2 protein chains.
Amino acid sequence: MQDLIRQAEALCQRSGMAFTAPRRRVLEILAASETPMKAYDLISKAGEGGQATKPPTVYRALDFLCQLGLVHRIEQDATFVACNHAGHSQPVALFVCNTCLKATEVAYDEVSQILEKAAAAKGFHLKRLVVEGRGQCQDCAIAA
Amino acid sequence: MQDLIRQAEALCQRSGMAFTAPRRRVLEILAASETPMKAYDLISKAGEGGQATKPPTVYRALDFLCQLGLVHRIEQDATFVACNHAGHSQPVALFVCNTCLKATEVAYDEVSQILEKAAAAKGFHLKRLVVEGRGQCQDCAIAA
DNA sequence: CCTAGTATGTTATTACATAACACTCTATAA
DNA sequence: TTATAGAGTGTTATGTAATAACATACTAGG
């Protein structure tokens with residue numbers, strides 16, 4: 001997790017972007033969380049201790065972090081999760097466990113090629129792809 | 001489009017579910033729309049002419065129609081679109097054009113198998129899958 | 001030093017979705 | 001016939017997600 005922060009710093013430096021306090025704070029909170037978080041939980045968490053934090057501050061940080069690929073937004077339920085593969089922004093699928101709510105990240109290449117072809121067959125040129133799943137993770141399967 | 005309504009009626013009859021007025025109304029509006037619609041546009045559209053329609057009425061109808069596979073929810077932007085392949089609820093990917101906003105539906109099988117395997121490799125058992133894309137459709141590519 | 005660009009702080013509002021409860025309708029079994 | 005269970009709708013209110021708009025601060029280049 002400290003790792004992730006360092007990666008973020010390095011990434012920002014390379015691309016000439018500022019890794020400012022609110023951005024760091026949001027990433028730290030997400031990195032420390034076991035499960036994806038809702039924006040408003042992030043907002044209240046970010047406000048603990050220090051000064052109150054308002055929605056736009058957090059949403060702006062999230063936009064920034066998502067663009068860098070350091071954070072992913074899970075569209076299904078509007079939650080946010082820190083990314084493992086910081087930096088190399090290959091497409092990833094996010095699988096969320098219905099029981100423990102943890103997210104598993106899976107890189108795919110094959111899939112995106114197939115989908116691009118399938119889209120192309122209908123004349124559609126794909127720019128962005130969202131692949132998400134729900135189900136049961138290994139730990140919860142064992143526990144059950 | 002009349003077709004879709006008839007399919008819906010048949011589908012409901014077979015499964016012993018009621019194809020009630022609000023459900024029909026919501027499906028009609030969606031089927032008549034060129035592009036996916038936001039819930040609140042649906043709500044105000046549904047309220048035109050007849051009596052005012054409130055959010056829960058429409059959301060309930062949408063839940064119902066989504067469960068039957070007659071309507072899809074596009075998670076990226078929280079819109080809803082009527083489905084072509086009523087009845088046989090195979091997994092579909094939805095590709096939305098950034099220009100004209102129309103949605104293209106593409107069935108996939110291959111992809112879901114690959115993703116299931118990829119998930120299984122991490123011990124994850126997949127139950128539901130969301131595949132969505134953004135890009136440019138054929139018509140808009142030609143126009144540009 | 002000033003000014004353009006980038007980022008944050010703050011207020012207010014818009015958009016998306018559901019909880020909770022009362023009511024209606026219909027089928028079925030006493 | 002009437003009771004009652006189930007499914008569905010109507011309505012009020014509220015909860016939750018996200019952004020518009022504008023003021024302010026920081027920093028680097030002319």
Side-chain angles (χ1 to χ4, degrees), chain A residues 8-9 11-30 35-68 70-81 101 132, chain B residues 8-9 11-30 35-68 70-81 101 132:
Chain A
E9 274 170 350
L11 189 59
C12 287
Q13 202 140 39
R14 272 205 304 282
S15 36
M17 325 231 54
F19 193 55
T20 58
R23 290 168 181 177
R24 158 176 261 116
R25 184 113 176 84
V26 167
L27 184 57
E28 279 172 354
I29 295 170
L30 278 179
T35 58
M37 290 182 72
K38 306 199 161 213
Y40 274 68
D41 292 342
L42 255 169
I43 291 165
S44 55
K45 191 102 182 172
E48 279 174 16
Q51 67 186 352
T53 305
K54 314 251 176 80
T57 303
V58 169
Y59 278 105
R60 287 193 283 233
L62 286 170
D63 285 349
F64 176 84
L65 296 167
C66 284
Q67 265 175 29
L68 288 190
L70 293 163
V71 166
H72 299 300
R73 180 179 197 273
I74 300 178
E75 308 286 346
Q76 287 175 81
D77 51 6
T79 57
F80 298 86
V81 64
L101 303 180
E132 296 177 4
Chain B
E9 275 170 350
L11 188 59
C12 286
Q13 201 139 39
R14 273 204 303 282
S15 35
M17 325 232 55
F19 192 55
T20 59
R23 290 170 180 176
R24 158 177 260 117
R25 184 113 175 84
V26 166
L27 184 57
E28 278 172 354
I29 295 170
L30 279 179
T35 59
M37 291 182 73
K38 308 202 159 210
Y40 272 69
D41 291 342
L42 256 170
I43 290 164
S44 55
K45 191 100 182 172
E48 279 175 14
Q51 68 186 351
T53 305
K54 314 253 177 77
T57 302
V58 169
Y59 278 105
R60 288 193 283 231
L62 287 170
D63 285 349
F64 176 84
L65 296 167
C66 285
Q67 266 177 27
L68 288 191
L70 293 164
V71 165
H72 299 300
R73 180 180 197 274
I74 300 177
E75 309 285 347
Q76 288 174 80
D77 52 5
T79 56
F80 298 87
V81 65
L101 303 180
E132 296 178 3

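The structure displayed is predicted, hence computed values, not measured ones. Chain A is the first sequence line, chain B the second, and so forth, proteins listed ahead of strands; every chain is numbered from 1.
Computed from coordinates, the B/K54 NZ to D/dA13 P distance equals 10 Å when rounded to whole Å. Residue A/R24 contributes atom CZ, which lies 16 Å from atom P of C/dA7 at whole-angstrom precision. Atoms CZ (B/F19) and P (C/dT26) sit 17 Å apart, rounded to a whole Å. Here C/dT18 presents its C1' atom at 16 Å from CG of A/D77, a figure rounded to the nearest Å. Here the C1' atom of nucleotide C/dC16 and the CD atom of B/Q76 are 16 Å apart, to the nearest Å. To the nearest angstrom, C1' of D/dT9 lies 15 Å from CD1 of B/I43. When the P atom of D/dG15 is taken as reference, atom NZ of A/K38 falls 15 Å away, rounded to whole Å. One interatomic measurement links the two molecules: CZ of B/R23 to C1' of D/dG8, which rounds to 6 Å at whole-angstrom precision.
Remark: B/T57 is not in phosphate contact with D/dT9, judged by side-chain N or O atoms under 4.0 Å from OP1 or OP2. Listed pair B/T20 / D/dT9 meets the phosphate criterion, a side-chain N or O lying under 4.0 Å from OP1 or OP2.
Distances from the side chain of B/Q51 to the nucleotides D/dG10, C/dA7, D/dT12 place D/dG10 closest. Considering only the side chain of B/P55, C/dT18 comes nearest among D/dA18, C/dT18, C/dC16.
Considering only heavy atoms from C-beta on, A/F64 stays 4.5 Å or farther from A/P22 through its side chain. At least one side-chain heavy atom of B/L42 sits less than 4.5 Å from a side-chain heavy atom of B/L62. Residues B/E132 and A/E132 fail the side-chain proximity criterion, which asks for heavy atoms closer than 4.5 Å. Side-chain contact between B/F80 and B/V26: absent, with no pair of heavy atoms (C-beta onward) separated by less than 4.5 Å.
Under the stacking definition used here (centres under 5.5 Å, planes under 30°), the residue B/Y40 qualifies as stacked on the base of C/dC16.
Among the atoms of the strands shown, base atoms are found under 4.0 Å from some heavy atom of A/R60.
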Checklist entry - For A/T79 and A/K38, what are the C-alpha separation, side-chain angles and deciding distance, and is it a side-chain contact (heavy atoms from CB on, under 4.5 Å)? => result CA-CA 5 Å; A/T79 57; A/K38 306 199 161 213; 4.1 Å; yes
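Both B/G16 and B/A52 sit near DNA chain D, but only B/G16 has its closest nucleotide nearer the 5' end. Projected onto DNA chain D by closest heavy-atom contact, B/P56 and B/A61 fall at different nucleotides, the more 5' of which corresponds to B/A61.
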